[in-house]
Amino acid sequence: IKKIGVFTSGGDSPGMNAAIRSVVRACVYHKIECVGIYRGYQGMIEGDFKPMDARSVNNIINKGGTILKSARCLEFKTAEGRKQAYDNLRKEGIDAFVVIGGDGSFTGAHIFAQEFNFPVMGIPGTIDNDIYGTTFTLGYDTALNTVVEVIDKIRDTASSHNRLFFIEVMGRDVGHIALNVGVGAGAEEILIPEEDLGLDRLLDSLKRSKASGKSSSIVVVAEGDTTGENVFELKKYVEKHLPIYDVRVSVLGHMQRGGAPSCYDRVLASRMGVSAVEALLKGESDKMVGVQDNKMIFTPISKAIKGHTVIDTELIRVSDILTI
Ligand code: ATP
């Protein structure tokens, strides 16, 4: 391998820049070339490439978002689109790539690797922490810290007015963010897709909370939770059945994906970038680098995209105990 392409794809997450920096510098260290591919698979199809050297990634380890931009690209789902991408890579002399992204981006990389016998390596970048084969994805730790800080602020206003807040956090299919920030910010209830609390239990819990003399209540709700239709319906339901509460809703949205990466995410990104490049140089392909027990591990992409992460049930119990 003489030239490695690197790109970010799908939803962005804090730490992607630190991973790009790491891939570029690991290539320079091992005396191979590195090319940045802009806007993920879209840029691959359009030939939007830029040679990267060690200095081209100065001062980005601390930046949120991705300097290479990200995109969703329907054309890459077609055989013609992938052939165009392959031709462009060959023309540029790129003989392997590192993709930083989520499940969808890995599916594309896996199909591409199989189709053209092309070496690829994945780095999991998503705040949701929903990728099998790694205990932590890039951006997750930063998102937890961002959300906990915001909930602390909402708590200030909630307790000044004796209010109940439903706070919706990201997590379409998984409740990792909700569960962890819920415990971290001392939420009274945490609603996650993996566990159906039920509306009756929610009401009981809120009644108990009020009776125990709490001056405010925070309920953290994962986007994908199904206890109510959505946070606004939950508000209506509680107002109807428990009029003792003054209820407000806060949907945190995209701010959760932004901001400077935490130290943990910067270190993780740095380790993953070096591991991904060195694995390619050793002849590995079609794998995703992950972290487990603080060691770098590799999982076949085919397994990573099929597997599911599991919620920490011990944390659910801890939350139940501490909200007494
Ligand atoms: P996020 O965590 O934001 O969902 P993701 O990587 O899963 O990140 P997707 O939008 O699902 O984001 O996928 C990113 C891109 O990967 C798609 O726009 C498409 O170009 C490519 N991709 C996804 N699925 C496939 C597929 N089945 N075949 C080929 N390419 C795919």
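Whatever order the structure lists them in is the order used to number ligands and atoms, beginning at 1.
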Can an N or O of [X] be found at a distance shorter than 3.5 Å from an N or O of ligand 1?
X: Thr107; value: no
X: Gly125; value: no
X: Arg72; value: yes
X: Gly101; value: no
X: Leu74; value: no

Are [Y] and [X] an aromatic pair, judged by ring center distance below 6.0 Å?
X: His241; Y: Tyr237; value: yes
X: Tyr41; Y: Phe112; value: no
X: Phe97; Y: Phe7; value: yes

What atoms of ligand 1 come closer than 4.0 angstrom to any heavy atom of [X]?
X: Tyr41; value: 16 (O), 20 (O), 21 (C)
X: Asp103; value: 7 (O)
X: Arg172; value: 4 (O)

Look at [atom] and say which protein heavy atom is nearest, naming residue and atom and giving the distance to 0.1 Å.
atom: atom 17 (C) of ligand 1; result: Cys73 N, 3.8 Å
atom: atom 23 (C) of ligand 1; result: Gly104 O, 3.0 Å
atom: atom 25 (C) of ligand 1; result: Lys77 CE, 3.7 Å
atom: atom 12 (O) of ligand 1; result: Gly10 CA, 3.4 Å
atom: atom 8 (O) of ligand 1; result: Gly11 N, 3.6 Å
atom: atom 28 (N) of ligand 1; result: Ile111 CD1, 3.4 Å
atom: atom 14 (C) of ligand 1; result: Ser105 OG, 3.5 Å
atom: atom 15 (C) of ligand 1; result: Ser9 OG, 3.7 Å

Checking Gln42 against Glu46 for the side chain to side chain donor-acceptor pair (under 3.5 Å) test, could you report, in this order, the C-alpha distance in whole Å, the side-chain angles of both residues, the deciding distance, and whether it holds? CA-CA 6 Å; Gln42 193 63 42; Glu46 292 170 17; 2.7 Å; yes
N-O pairing of [X] and [Y] below 4.0 Å:
X: Lys236; Y: Glu239; result: no
X: Glu33; Y: Lys2; result: no
X: Asp246; Y: Arg163; result: yes

Whether Arg257 lies under 4.0 Å from ligand 1, heavy atom: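 In this structure, Arg257 fails to qualify as a contact of ligand 1 - no heavy atom is under 4.0 Å.
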Does Lys210 make a cation-pi contact with Tyr245 (under 6.0 Å, within 45 degrees of the axis)? yes
Minimal non-hydrogen separation, Val238 against Phe166, with atom names: CG2-CZ, 3.7 Å
Derivation of the salt bridge (charged side-chain N to carboxylate O under 4.0 Å, His left out) call for Asp87 and Lys91: CA-CA 6 Å; Asp87 290 344; Lys91 210 159 70 193; over 6 Å; no
For the CG atom of Leu252 and the CE atom of Met170, what is their distance to the nearest 0.5 Å?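 With rounding to 0.5 Å, CG (Leu252) is 9.0 Å from CE (Met170).
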For atom 30 (N) of ligand 1, which candidate among Ala109, Gly108, Gly40, Gly102 holds the nearest heavy atom? Gly108
